[in-house]
Amino acid sequence: MGGSKLGSPSLDYSREHAKNGKPHIVHLSGPALSLLKAIPRTGDLVFSNDGTTRSQGHSKAKKRLDKLSKVADWTLHDLRRTVVSGMARLGVAPHIADKILNHQTGTISGVAAVYQRHEFLSERKDALKLWGRHIRGLVSGRMAA
């Protein structure tokens with residue numbers, strides 16, 4: 001979770017920690033921030049065994065999730081696909097979802113991508129708030145839009 005402070009409404013990834021080498025901001029919805037604050041911590045990092053070293057045991061964590069959920073036929077990447085598909089169903093524009101995933105190519109490509117440099121930060125924040133409300137509705141048994 002980068003060097004971000006957990007009380008912050010966003011996670012800021014440096015270019016060194018982004019797959020595409022570009023810095024990235026992920027806005028946290030209220031429900032996401034509440035969940036992250038509830039995770040027991042031993043240091044500054046949220047997903048860490050000792051609070052100082054980034055978590056690298058994703059396959060071990062995935063196996064534990066499989067066992068707890070009794071569902072094994074999925075990948076961690078499926079979560080990204082599910083979120084983007086769900087956002088589309090809620091009306092989030094594809095180029096906003098692409099930016100949330102830190103994709104540099106996608107719906108805005110070719111010459112348009114050369115000229116289009118806007119990061120859509122406000123729109124990304126709104127989309128993630130909408131997704132948070134949607135998930136909160138699913139968890140509480142009522143659909144939210």
Side-chain angles (χ1 to χ4, degrees), residues 1-109 113 116-145:
M1 306 222 62
S4 300
K5 300 291 183 218
L6 192 49
S8 169
S10 67
L11 299 173
D12 303 320
Y13 291 91
S14 64
R15 59 186 176 84
E16 294 82 18
H17 296 108
K19 184 177 174 182
N20 64 9
K22 307 246 183 205
H24 186 58
I25 297 171
V26 178
H27 296 92
L28 297 173
S29 65
L33 191 55
S34 294
L35 281 172
L36 291 175
K37 284 182 177 180
I39 296 172
R41 294 187 5 231
T42 58
D44 289 335
L45 298 177
V46 177
F47 298 111
S48 172
N49 290 331
D50 62 7
T52 60
T53 307
R54 294 181 198 296
S55 173
Q56 296 181 2
H58 303 296
S59 60
K60 289 179 187 176
K62 164 74 167 68
K63 285 179 185 175
R64 286 193 304 269
L65 279 172
D66 289 350
K67 187 175 180 179
L68 287 169
S69 68
K70 298 180 176 105
V71 178
D73 190 22
W74 65 284
T75 67
L76 292 171
H77 198 80
D78 289 334
L79 298 175
R80 291 169 60 95
R81 185 176 314 125
T82 299
V83 170
V84 170
S85 297
M87 285 183 171
R89 192 171 48 255
L90 295 173
V92 173
H95 64 282
I96 303 302
D98 283 343
K99 288 290 189 179
I100 289 169
L101 295 177
N102 201 17
H103 288 169
Q104 297 303 307
T105 61
T107 53
I108 300 175
S109 60
Q116 175 50 271
R117 301 294 181 175
H118 184 59
E119 288 296 322
F120 300 98
L121 289 174
S122 177
E123 294 86 349
R124 288 163 39 188
K125 182 177 182 178
D126 291 344
L128 288 166
K129 281 183 180 178
L130 177 65
W131 183 250
R133 286 193 307 270
H134 175 69
I135 294 301
R136 187 180 320 144
L138 292 174
V139 169
S140 68
R142 61 179 174 13
M143 296 297 286

Close side-chain approach of Ser122 and Asp126, heavy atoms under 4.5 Å: yes

Heavy-atom side-chain contact between Leu101 and Arg80 under 4.5 Å: yes

Any residue meeting ring-ring contact (aromatic ring centres under 6.0 Å, His included) with His118, in chain and number order, not counting sequence neighbours: Phe120

CD1 on Ile100 to NZ on Lys125, rounded to 0.5 Å: 13.0 Å

Partners passing side chain to side chain contact (heavy atoms under 4.5 Å, CB included) against Ser140 (at least two apart in sequence or in another chain): Arg142

Pairwise side-chain contact, Lys99 with Leu121, heavy-atom cut-off 4.5 Å (strictly under): no

Between CG on residue Asp78 and CG on residue Asp73, distance to nearest 0.5 Å: 8.5 Å

Residues which pass salt bridge (Lys or Arg N to Asp or Glu O under 4.0 Å) with Lys62, listed by chain and number, not counting sequence neighbours: Asp66

Pairing residues for His24 by the ring-ring contact (aromatic ring centres under 6.0 Å, His included) criterion, not counting sequence neighbours: none

Over all atoms of both residues, closest heavy-atom pair of Ala97 and Val92: N-CG1, 4.2 Å

All side chain to side chain donor-acceptor pair (under 3.5 Å) counterparts of Ser69, not counting sequence neighbours: none

Heavy-atom pair of closest approach, residues Gly132 and Pro31: O-CG, 3.7 Å

Atom pair NE2/CG of His134 and Leu128 - distance to nearest 0.5 Å: 13.0 Å

Spatial distance of atom CG (Asp50) from atom OG1 (Thr42) [nearest 0.5 Å]: 6.0 Å

Reported CD1-to-CG distance for the pair Ile39 and Leu36, which is rounded to 0.5 angstrom: 5.0 Å

Residue pair Trp131 / Thr82: nearest heavy atoms and the distance that separates them: CH2-O, 4.1 Å

Gap separating the CZ atom of Arg124 from the OG atom of Ser10, nearest 0.5 angstrom: 9.5 Å

Minimum side-chain heavy-atom gap Tyr13-Asn102 below 4.5 Å: no

Contacts of type side chain to side chain contact (heavy atoms under 4.5 Å, CB included), residue Arg64, not counting sequence neighbours: Lys60, Ala61

pair Met87-Ile96: side-chain heavy atoms closer than 4.5 Å: no

Taking every non-hydrogen atom, the tightest pair across Lys22 and Ala18: O-CB, 3.1 Å

Min side-chain heavy-atom separation Arg133-Leu130 under 4.5 Å: yes

Ser29 versus Lys129, closest heavy-atom pair with distance: CB-CA, 4.1 Å

